[in-house]
Amino acid sequence: KNFKLKLGDKEFDLNLYDDNLKVRLKNKNLPYLLGGSLRKGGEVSLAINDNYIYGFIKIANAQLFIEPLRNFNKAAADHLFVVYYAHHVIENGQHTCGVVETEKKIKELSQLKALTNDCKLIDFAIANTYDMVSKHGSVTNVINHNLAVLNNVQTNYRSEFSSNIEFDVISHFVPATLSADPFPSTTNALNLLGLFYNWADGGGNTGGSNGGFGVDYEMAHLWTARNIVFDGNASTVGLAYTPGWHQLLEDYSSSAASLQSM
């Protein structure tokens, strides 16, 4: 699909395709998860829904992000958006910014890229604590956020390894009320990851049908808006079992660039 996106005095001619991120959910209000490029090259990732645009346009080493202004200011109107370059992001110092480390790796990754027809499909499951709904305002907004971030991340897992890795979201849990949240209000990252592991009761495409997701899956992550702490370190923004199938992610930044890097 040919698509024109006008941002201020700049207009971008895009070639986009549907289902950049594969999602098998029976939800009628899912965002369009688009991938593609500019007419003259580069890379594009956009998630679009009602009053919602989230993603990036990458030209050479410059990465231009767009996301709702309400991600930065809850009082902002739904139809307002922020556009910024990744290298202009200024974190508040509370957490380590992944953008800097990502920029350092660009040259190294470009040397590792390999043309391949081999593809690994990951059956992926996503869960959230209720504070994600409190932060983003609705279940739909949380779903938009989760899938839009993963849509951006998907671009990092193509042609950067010996096999392409494609995510297939087969289950998505968002508690609509506090009483429906199965995860106690701990901020201890290791404890919360353990609670998630026990609730999901699966991984590696075995056992998950008996757990909270209700389906077998290979890998899963839990989003939380809590300021998680690991080993006394409150700057922790993610924790994963390695080896293992489960990850914990803190929605720590209003910067799409930082969340993509995390």
Side-chain angles (χ1 to χ4, degrees), residues 21 23-27 29-31 70-71 74 94-96 98 122-151 153 167-254 258-262:
L21 176 68
V23 178
R24 283 188 282 166
L25 302 176
K26 296 179 180 179
N27 188 312
N29 195 29
L30 293 175
R70 64 173 179 264
N71 287 1
K74 286 187 176 182
Q94 182 181 3
H95 301 289
T96 303
I122 307 297
D123 289 338
F124 206 75
I126 302 174
N128 294 265
T129 56
Y130 179 70
D131 42 79
M132 287 292 291
V133 179
S134 300
K135 178 177 180 179
H136 290 278
S138 71
V139 170
T140 296
N141 288 347
V142 173
I143 292 173
N144 284 338
H145 171 274
N146 292 166
L147 294 180
V149 172
L150 192 57
N151 194 53
V153 170
F167 296 108
D168 183 1
V169 181
I170 61 172
S171 185
H172 200 160
F173 174 78
V174 185
T177 64
L178 180 59
S179 61
D181 187 348
F183 307 109
S185 58
T186 179
T187 58
N188 183 296
L190 189 58
N191 289 348
L192 186 54
L193 181 59
L195 290 165
F196 175 48
Y197 171 82
N198 291 330
W199 173 85
D201 195 25
N205 261 339
T206 59
S209 58
N210 298 319
F213 288 117
V215 295
D216 290 342
Y217 61 90
E218 282 188 303
M219 186 173 288
H221 64 213
L222 173 67
W223 278 100
T224 183
R226 304 170 194 173
N227 184 15
I228 57 174
V229 178
F230 177 68
D231 199 22
N233 188 348
S235 68
T236 299
V237 297
L239 189 66
Y241 287 130
T242 55
W245 308 104
H246 300 84
Q247 308 133 29
L248 173 65
L249 303 176
E250 180 185 330
D251 193 25
Y252 79 98
S253 175
S254 54
S258 298
L259 296 182
Q260 180 186 356
S261 297
M262 178 184 65

(request) Identify the two heavy atoms, one from S254 and one from N71, that lie closest to each other, and give their separation to 0.1 Å. (result) CB-O, 3.3 Å

(request) Provide the closest heavy-atom pair for Y217 versus A200 in the form atom of the first, atom of the second, distance. (result) OH-CB, 3.0 Å

(message) A side-chain contact here means heavy atoms from C-beta on lying under 4.5 Å apart; do F124 and L150 qualify?
(response) yes

(request) Could you pull out all residues at least two apart from N146 that satisfy side chain to side chain donor-acceptor pair (under 3.5 Å)? (result) N128, H172

(request) Give the minimum heavy-atom separation between T129 and A225, together with the two atoms involved. (result) OG1-N, 4.1 Å

(message) Ring centroids only, cut at 6.0 angstrom: are F196 and H221 within range, meaning strictly under it?
(response) no

(request) Could you pull out the closest heavy-atom pair between F213 and A127, with the gap in Å? (result) CZ-CB, 3.7 Å

(request) Just jot down the side chain to side chain contact (heavy atoms under 4.5 Å, CB included) partners of V23, sequence neighbours excluded, or say none. (result) L21, L25, L30, L33, L147, V169

(message) Please enumerate all residues that pass side chain to side chain donor-acceptor pair (under 3.5 Å) together with D168, with sequence neighbours excluded.
(response) R24

(message) With side chain to side chain contact (heavy atoms under 4.5 Å, CB included) as the criterion, how do N227 and E250 come out once you've worked through the C-alpha distance, each side chain's angles and the decisive distance to 0.1 Å?
(response) CA-CA 7 Å; N227 184 15; E250 180 185 330; 3.7 Å; yes

(request) Provide the full list of salt bridge (charged side-chain N to carboxylate O under 4.0 Å, His left out) pairs with a residue in residues 130-142, sequence neighbours left out, each pair given once. (result) D131-R226, K135-D251

(request) List in chain and number order the residues that pass ring-ring contact (aromatic ring centres under 6.0 Å, His included) with H136, two or more places apart in sequence or in another chain; answer none if no residue qualifies. (result) H145

(message) My understanding is that only residues two or more places apart in sequence, or in another chain, count here; which of them pass salt bridge (charged side-chain N to carboxylate O under 4.0 Å, His left out) with D216?
(response) none

(message) Has E218 got a side-chain atom pairing as donor or acceptor with D123's backbone, closer than 3.5 angstrom?
(response) yes

(request) Among residues two or more places apart or on two chains, list those pairs meeting salt bridge (charged side-chain N to carboxylate O under 4.0 Å, His left out) that have a residue in residues 229-246. (result) none

(request) Hey, could you give me each pair passing salt bridge (charged side-chain N to carboxylate O under 4.0 Å, His left out) that has a residue in residues 195-211? Not counting sequence neighbours. (result) none

(message) To check you understand the geometry: which heavy-atom pair defines the closest contact between V153 and F167, and what is its length?
(response) CG1-CE1, 4.4 Å

(message) Can you list everything that forms a side chain to side chain donor-acceptor pair (under 3.5 Å) with S138? Sequence neighbours excluded, please.
(response) N141

(request) For residues Y241 and L193, report the shortest heavy-atom separation together with the two atoms involved. (result) CE1-CG, 3.6 Å

(request) Output the distance between atom CD (Q247) and atom CD1 (I126), rounded to the nearest 0.5 Å. (result) 10.0 Å

(request) Quick one: which residue pairs count as a side chain to side chain donor-acceptor pair (under 3.5 Å) with a foot in residues 177-197, not counting sequence neighbours? (result) T177-S179

(message) Holding to side chain to side chain contact (heavy atoms under 4.5 Å, CB included), I want the full list of residues that pass it with A148, two or more places apart in sequence or in another chain.
(response) A47, Y52, Y54

(message) Go through it in stages, so that I can follow the logic: the residues are L222 and L192, the test is side chain to side chain contact (heavy atoms under 4.5 Å, CB included), and I'd like the CA-CA distance, side-chain angles, deciding distance and then a yes or no.
(response) CA-CA 9 Å; L222 173 67; L192 186 54; 4.1 Å; yes

(message) List the residues meeting ring-ring contact (aromatic ring centres under 6.0 Å, His included) with F183, not counting sequence neighbours, and say none if there are none.
(response) W199

